[in-house]
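Whatever order the structure lists them in is the order used to number ligands and atoms, beginning at 1. Atom set for the values below is all heavy atoms of this structure, side chains included, hydrogens, waters and symmetry mates excluded. Residue indices begin at 1 and follow the sequence shown.
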Amino acid sequence: MAFKQLKNFINGTFYEPHSKEYLNNFNPATGEIYSQIPSSGIDDINQAVKAAKMAFRSWSQTSPEKRGRLLIRIADMIEQNLDAFALAETEDTGKPIQLSRTVDIPRAAANFRFFGTAIQHFASESHAMVGQGINYTLRKPLGVVGCISPWNLPLYLFTWKIAPALAAGNCVVGKPSEVTPVTAFMLAEMCKNAGLPNGVLNIVHGSGPKAGQALVEHSDVKAISFTGGTQTGREIAQKAGQMLKKVSLELGGKNPNIIFADCDFDKMLTTTLRSSFRNQGQICLCGSRIFIERPIYERFKTEFTAKTFMLKVGDPLDEDSFMGSLVSENHLNKVLYYVNLAQEEGGKVLTGGKPVRLRGRCTKGWFMEPTIIEGLDNECRVNQEEIFGPVVTLIPFETEEEVLQMANDTEYGLSATVWTNDLTRAHRMSEQLEAGIVWVNTWMKRDLRTPFGGVKNSGVGREGGWEALRFFTEPKNVCIEY
Ligand code: TXE
């Protein structure tokens, strides 16, 4: 057997699924089976929740210093094994190795280190009632929480949820994406070696409708933190709502990238290449609708198209590949469907639009050209639905009011980028854009202390910094009369 067979991590031990059934997991750059993952269901989830519940008694009473120290140790171990993690992430997702090595895995380590230290500074409020008494707020961990993560930034987003949950004193049952499960499996081994007590973190693999749903529906799971598609988020919110469970949902986006004529053109162009095609456009923060002020529309179109044409789509293991493969055959087909739809809707493909056939070990991989489309209005489906691939559209605009109206005219509201050197306009736009995150003259610049999340159909709640620690704790007010 050339591929790995993964196991569930429950109570510090690796288990086969109760069903004894496994799902195939592919390396999308080669089209070959990369691993087999447990097809878990209710029985496995029950076992994991039971272990987490048992572990909670002692973990919730463990001092924040000790919890923090353990998380920092895990961060160190991820860094010591950077190359192995990066290779696994690339083989699982098809993303360039350089991206896994410099972004995904370092960020996973940073998540543990950040929350391992943050919890030691986390404080709660007190409210004095002059001459009468005092209120103080206790922040208690919730108990067992569920963390469900997607395939685009597998270890990065999985750890972004479990690190604050653990830091705050909760025990976790995590369900990584069945499309990219391998680095979460490696993390389980690492947590065991780092000395994380049994049952504090449990990782159950399997499909969304079976393992994910059983986790959401378990009555002992007090909160669900989810990142993924908007439709899945809606289903999870419905179930959690009926059970009065806390939810944090980070969902899709259709983010505007707004370029004014007075911007620093070169910096904007280089960054726009990244915000359009990084990770094959499979980042919820990618700017898929590019609005360009009319005076520079033709220049932007010419230079952006020329530079996009030159981007190297190649074997993700080649150091100089800018784009690797899309995450799966299904996903490639979804993205190609939208390119066809764009043409039916009257759009013109300026470059790209087709699958890429590579030679050598990647002949069967699911690669695609970076694609630019123009000539579509903002209301068409291609400009309203999340494509989540290497496809952007160009839309010219005349005035600030017009572009604001178009930028906000979508069901999503995750992030927006504004390129301008007019300071007043930058503030004015930032205030009026309907988005949880606005970047001015930059993209994807992240400070882990800031609130992260979206408005409208892009989500509910915020991750990051104190927001995450507040989500994973329950405030209790104590009032004492003098
Ligand atoms: O995500 P799903 P999919 C968007 C993107 C993509 C679309 C669908 O547009 O094309 O979503 O992608 C688990 N109960 N994003 O289908 O299904 C699932 O197993 C509980 C944006 O791959 O939402 C996985 O672990 N869990 C996004 C996780 O949910 C369920 C990143 C996400 O999978 C479940 C990824 C259920 N009923 C896709 N069904 C972003 N915001 O960054 C599925 N899951």
Side-chain angles (χ1 to χ4, degrees), residues 23 25-26 28 37-42 45 92-93 95 104 146-158 160-162 173-181 183-184 203-218 221 224-240 243 245 247-255 278-286 288 326-338 366 381-382 384-391 410-415 436-437 444 452-454 456-461 463:
L23 306 170
N25 158 235
F26 292 88
I37 71 161
S39 175
S40 310
I42 289 183
I45 292 291
D92 216 357
T93 57
K95 71 176 71 197
D104 287 72
C147 296
I148 302 177
S149 56
W151 46 256
N152 56 334
L153 302 162
L155 194 65
Y156 174 135
L157 290 177
F158 191 55
W160 182 232
K161 298 180 181 306
I162 62 179
V173 178
K175 212 293 286 167
S177 170
E178 61 274 38
V179 184
T180 54
T183 48
I203 300 177
V204 179
H205 296 275
S207 76
K210 266 177 76 187
Q213 191 164 324
L215 182 58
V216 172
E217 289 177 346
H218 199 297
V221 174
I224 294 287
S225 175
F226 168 81
T227 298
T230 293
Q231 188 45 37
T232 315
R234 203 172 267 126
E235 286 163 27
I236 289 176
Q238 259 169 14
K239 293 195 182 97
M243 300 175 81
K245 244 175 227 197
V247 284
S248 165
L249 305 173
E250 205 271 280
L251 310 175
K254 193 72 190 174
N255 310 309
R278 197 111 200 242
N279 204 36
Q280 299 71 247
Q282 303 167 136
I283 306 179
C284 53
L285 304 164
C286 281
S288 51
L326 270 63
V327 78
S328 66
E329 187 173 21
N330 272 348
H331 193 58
L332 172 63
N333 289 336
K334 170 186 161 177
V335 178
L336 291 172
Y337 163 82
Y338 276 103
W366 300 305
R381 281 185 59 201
V382 167
Q384 290 293 320
E385 296 175 19
E386 185 178 47
I387 300 174
F388 215 65
V391 179
T410 153
E411 66 177 63
Y412 294 106
L414 187 54
S415 71
I437 301 150
M444 217 50 198
F452 182 88
K456 303 197 279 189
N457 287 356
S458 289
V460 174
E463 301 186 292

Any protein heavy atom at under 4.0 Å, with atom 8 (C) of ligand 1 as the reference point? no
**Message:** Polar contacts were defined as any N/O atom of the residue lying under 3.5 Å from an N/O atom of the ligand; does this apply to Lys334 and ligand 1?
**Reply:** yes
Taking distance alone, with no angle check, do Gly229 and ligand 1 share an N/O pair under 3.5 Å? yes
- Query: What about Lys175: any of its N or O atoms under 3.5 Å from an N or O on ligand 1?
  - Reply: yes
request  = Consider every N or O of Thr232 and every N or O of ligand 1, then say whether any pair is closer than 3.5 Å.
outcome  = yes
Logged contact type for Ser149 with ligand 1, heavy-atom cut-off 4.0 Å, is backbone
Honestly, for Ile236 the part within reach of ligand 1 (heavy atoms, under 4.0 Å) is side chain
task = Check whether any N or O atom of Val216, backbone or side chain, sits under 3.5 Å from an N or O atom of ligand 1, and answer yes or no.
result = no
**Item:** Contact check, His331 vs ligand 1, heavy-atom distance below 4.0 Å
**Value:** yes
- Query: Is there a protein heavy atom at a distance of less than 4.0 Å from atom 14 (N) of ligand 1?
  - Reply: yes
Within the 4.0 Å heavy-atom cut-off, what Gln231 brings close to ligand 1 is neither
Counting only non-hydrogen atoms of the protein, does one fall under 4.0 Å from atom 23 (O) of ligand 1? yes
protein heavy-atom neighbour closest to atom 36 (C) of ligand 1 works out as Gly208 O, 3.6 Å
The answer for which part of Glu178 has a heavy atom under 4.0 Å from ligand 1 is side chain
| Can you check whether Ile387 has an N/O within less than 3.5 Å of an N/O in ligand 1? | no
